[in-house]
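Working notes, structure below.
Lettering of chains follows the sequences in order, A, B, ..., and the numbering in each one begins at 1. Note that the coordinates shown come from a computational prediction; the quantities given were computed from them, not determined experimentally.
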Amino acid sequence: MINDTPRVRFAPSPTGYLHVGGLRTALYNYLFAKKNNGSFILRIEDTDRARYVEGAVENLLTTMKWVGLDYNEGPDKPGEFGPYMQSERLDIYREHINNLLDARKAYYCFCTPERLTQLKEEQQKQKLPQAKYDKHCLSLSKAEIENKLKNNESHVIRLNVPPTETISFDDIIRGKVEFSTNVVDDQILIKSDGYPTYHMANVVDDHLMKITHVIRGEEWLSSTPKHVLLYKFLEWELPQFAHLPLLLNADKSKLSKRQGDVAVEDYKSKGYLKDALNNFVALLGWNAGDDQEFYYMDELIEKFSLERVNKSGAVFNLEKLNWLNGEHLKKLSNDVILELFKNELASSELKNTNYSDDTLLLIIDQMKERVATVKEFISEAPYLYSRPNSYDEVFSSKVWKDNSAALLTDLIEIINESEIIDKDDYETCLKATAEKNSVGIGKLMGPFRLALSGVGHGPGVYDIANIIGKDEVVERIRVVIKTLSL
RNA sequence: GGCCCCAUCGUCUAACGGUUAGGACCUCGCCCUUUCACGGCGGUAAUAGGGGUUCGAAUCCCCUUGGGGUCACCA
């Protein structure tokens, strides 16, 4: 066997951001490594120069750190098997491609894009089941090749796939998978710009980096026979494969940008907690076999196993993420939430206002029970920070009666005469007003809430009053009387 | 279209031949509460279809259907 301790890797291409599907793949790799005392390696697959994105790698590293997926080796964490950027390993691929070339397991191809397009069109016209390269350049003589190379003719190097062989491999998640080589194309291994394609680079690197388990998304399953062939040609031992089920849009297609946020940083900026995100994503395709849904990272590590990963795709369900984030939020101490809250305030339109920690803590106590994210402390209860600029019509028509203005006028007077120390004092005032007018306190409650928040839901009225303070309470009552008595 | 993968409530899932098919999110109802929530209790809701195998099938096999992935000098 290859291993005593497993070595796994997460190998994203730097497209600009970390995709949540990528996060799930990275997480499973991480959990598997930690669980089995193995190593988790981060390797950057940046062999596509056309798709080079400025700052993408830095961004990726930052996001990996934010979600807490520490790697043992990576671009900024040198290890024994570096470099960990594929663009810095070109000479390594060159060496191995030469071996392949010598053994005629790979060959130069000088076909022009035009010929290739034409070939494809013809094959489609003939209704061939599958378009494949016709091995045209395989018959080139050594001299012809030398000559073309000397003349600097543009070329690629292709994998020489043998006909009519069965490629099979065992997938930890899917079991035995088989392909006929008749359906695998002579894959380009080295592009005309001299860079390797994914297929070449990932096989070489996985071998050289002593990767024991290749844990990646299911979209790679159908190109795995090419990889298996490469291992065979290079006479290298096969790693174990585990192809993870895909993360899906609501319509069950592969999770994509078009249908919502897919970048981890989007979720970060929307106020989701890293623990909640990890927890949620971990459960998309895996469960421990019990009813536990709330996890911290250490518990995930303890319970994770590839054997319990599902085969079928999972819809990325925002509602459940919201719930989980709320659960994680509630478990946080108010001190921690206070810091998060202050950060949110600083990046909101409220950044120029000043609130005491005491006030903020009052808001936290009220809001953390009823929101999904800290951001919603603000968005769901704007009336805690500023006077309502309108009154909800449905709620208003329900609670605003003919005598409401008169009752509230009395209430103002009583509040003004009272010493207000905490929220219970507002209740006392409402009761006194109700008694004085011989009505139930319910007659006051609705109009009072309407005055303070303008809407029919939110924290308890006394809590709202307590948060905004006596002067503001009185002022808001005045405003609602003035506005609705017209 | 070829190839490959997949198939339990709307969604995430449990069940590894014998359960009234369980849990969670969502949703609905009731209780609590002279407000809003929280909380508590309860409800609606699933084995895609058809054949086998078996005393017994969500579970094993086959077919059909459906969905997805992949067929680039992108990963």
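Rounded to the nearest 0.5 Å, atoms CG (A:D275) and CG (A:L329) are 11.5 Å apart.
Of the residues near RNA chain B, A:F316 and A:G442, the one whose nearest nucleotide (by heavy atom distance) lies more toward the 5' end is A:F316. Between A:V156 and A:R308, the residue anchored closer to the 5' end of RNA chain B is A:R308, taking for each the nucleotide with the nearest heavy atom.
Summarising the geometry, the separation between CG on A:L159 and C1' on B:rC73 is reported as 15 Å, rounded to the nearest angstrom. Here the P atom of nucleotide B:rC71 and the CG atom of A:D134 are 19 Å apart, to the nearest Å. Remark: C1' of B:rU11 and CG of A:L324 are 13 Å apart, rounded to the nearest angstrom. Atom CZ in A:R49 sits about 21 Å away from atom P in B:rA72, given to the nearest Å. The distance between atom CD1 of A:I190 and atom C1' of B:rA75, rounded to the nearest whole Å, is 15 Å. Distance CG (A:L119) to C1' (B:rC71): 14 Å, rounded to an integer number of Å. The distance between atom OH of A:Y295 and atom P of B:rU13, rounded to the nearest whole Å, is 13 Å. The interatomic distance linking A:I97 (CD1) with B:rC73 (P) rounds to 15 Å, in whole Å.
Atom name C1', nucleotides B:rG29 and B:rA45: the rounded distance is 15 Å, in whole Å. Rounded to a whole angstrom, the distance from the P atom of B:rC16 to that of B:rU64 is 30 Å. Taking the C1' atom of each, B:rG23 and B:rU8 are spaced 13 Å apart, rounded to whole Å. Of the C1' atoms belonging to B:rC12 and B:rA46, the separation is 13 Å, rounded to the nearest Å. To the nearest whole angstrom, the two C1' atoms, one in B:rC28 and one in B:rU44, are 7 Å apart. Taking the P atom of each, B:rG43 and B:rG22 are spaced 11 Å apart, rounded to whole Å. Using atom C1' as the reference point in both B:rC26 and B:rC60, the two lie 35 Å apart (nearest Å). Taking the P atoms as reference points, B:rG49 lies 15 Å from B:rA57, given to the whole Å.
Between A:K120 and B:rC71 there is no side-chain N or O to OP1 or OP2 distance below 4.0 Å. Contact annotation: A:N310 reaches the phosphate of B:rA14 (side-chain N/O to OP1 or OP2, under 4.0 Å). Remark: A:N287 is in phosphate contact with B:rA14, judged by side-chain N or O atoms under 4.0 Å from OP1 or OP2.
Minimum atom distance to the side chain of A:L284 is reached by B:rC12, of the listed B:rC12, B:rA14, B:rA75. Comparing atom distances between the A:V183 side chain and each of B:rC6, B:rG2, B:rC74 picks out B:rG2 as nearest. With B:rC73, B:rC25, B:rA72 as the candidates, the nucleotide lying closest to the side chain of A:R51 is B:rA72. For A:E319, whose side chain is taken as the heavy atoms from C-beta onward, the closest listed nucleotide among B:rC26, B:rG2, B:rA75 is B:rC26.
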Assign a letter to each nucleotide of nucleotides 36-44 of chain B from its 5' end: B, base within under 4.0 Å of a protein heavy atom; S, sugar-phosphate only; -, no contact. BSS------
Walk along nucleotides 57-70 of chain B from 5' to 3' and tag each nucleotide B, S or - by protein heavy-atom contact under 4.0 Å, base first, then sugar-phosphate. -----------SSS
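A:E178 comes within contact range of the sugar-phosphate backbone alone, with a heavy-atom separation under 4.0 Å but no base atom that close. Counting non-hydrogen atoms under 4.0 angstrom, A:V177 reaches the backbone sugars and phosphates but no base. At the heavy-atom level, A:Y198 lies under 4.0 Å from base atoms of the strands shown. Using a 4.0 Å heavy-atom criterion, one finds that A:G217 contacts no nucleic acid atom at all. Residue A:P196 is classed as a sugar-phosphate contact, given heavy-atom separations below 4.0 Å to backbone atoms only.
Every residue meeting the ring-ring contact (aromatic ring centres under 6.0 Å, His included) condition with A:F377, not counting sequence neighbours, appears here in chain and number order: A:F341. Judged as a side-chain contact (heavy atoms from CB on, under 4.5 Å), and not counting sequence neighbours, the contacts of A:E265 are A:Y17, A:N59, A:T63, A:A263. Evaluation of the salt bridge (Lys or Arg N to Asp or Glu O under 4.0 Å) rule for A:D206 yields A:R9, A:R43 as partners, not counting sequence neighbours. A:S418 pairs by the side-chain contact (heavy atoms from CB on, under 4.5 Å) definition with A:I414, A:I420, A:C429, not counting sequence neighbours. For A:K120, the salt bridge (Lys or Arg N to Asp or Glu O under 4.0 Å) criterion is met by no residue, not counting sequence neighbours.
One can find a donor-acceptor pair under 3.5 Å joining the base of B:rC73 and the side-chain atoms of A:S192.
The stretch residues 15-32 of chain A has no heavy atom under 4.0 Å from RNA chain B, so no residue of it qualifies as close.
Between the A:Y267 side chain and the A:D261 main chain, a donor and an acceptor come within less than 3.5 Å of each other. Using modelled atom types, one side-chain atom of A:K135 and one backbone atom of A:V161 make a donor-acceptor pair closer than 3.5 Å. The backbone N or O of A:D46 lies less than 3.5 Å from no partner atom in the side chain of A:S13, so there is not a single donor-acceptor pair.
B:rA21 makes up no base pair with any nucleotide shown, lacking Watson-Crick or G-U wobble contacts both under 3.5 Å. Nucleotide B:rC3: paired with B:rG69 (Watson-Crick or G-U wobble, both distances less than 3.5 Å).
Aromatic ring pairs are classed by plane angle as parallel below 30°, tilted from 30° to 60° and perpendicular above 60°; the pair A:F280 and A:F316 is perpendicular. Note on ring orientation: taking the six-membered ring where Trp is involved, the planes of A:F294 and A:Y296 are perpendicular (angle over 60°, cut-offs 30° and 60°).
Residue pairs that meet the side-chain hydrogen bond (donor to acceptor under 3.5 Å, both in side chains) test with at least one member in residues 456-465 of chain A, sequence neighbours left out, are A:Q366-A:D463, A:K423-A:D463. Every pair tested for side-chain hydrogen bond (donor to acceptor under 3.5 Å, both in side chains) that includes a residue from residues 21-30 of chain A fails, sequence neighbours excluded, so the list is empty. Applying the ring-ring contact (aromatic ring centres under 6.0 Å, His included) test to every pair with at least one member in residues 173-201 of chain A, sequence neighbours left out, gives these pairs: A:Y198-A:W220, A:Y198-A:H227, A:H199-A:H227.
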Checking salt bridge (charged side-chain N to carboxylate O under 4.0 Å, His left out) for the pair A:D171/A:K311: CA distance, chi angles, key distance, verdict? CA-CA 11 Å; A:D171 189 280; A:K311 298 176 204 289; over 6 Å; no
Let's go through A:K431 and A:E435 carefully: what are the C-alpha distance in whole Å and the side-chain angles of both, what is the deciding distance for salt bridge (charged side-chain N to carboxylate O under 4.0 Å, His left out) to 0.1 Å, and is it a yes or a no? CA-CA 6 Å; A:K431 275 183 177 155; A:E435 208 166 305; over 6 Å; no
With 3.5 Å as the limit, what N/O pairs link the protein to nucleotides 20-23 of chain B?
none

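Using a 4.5 Å heavy-atom threshold, the side chains of A:R216 and A:T224 count as touching.
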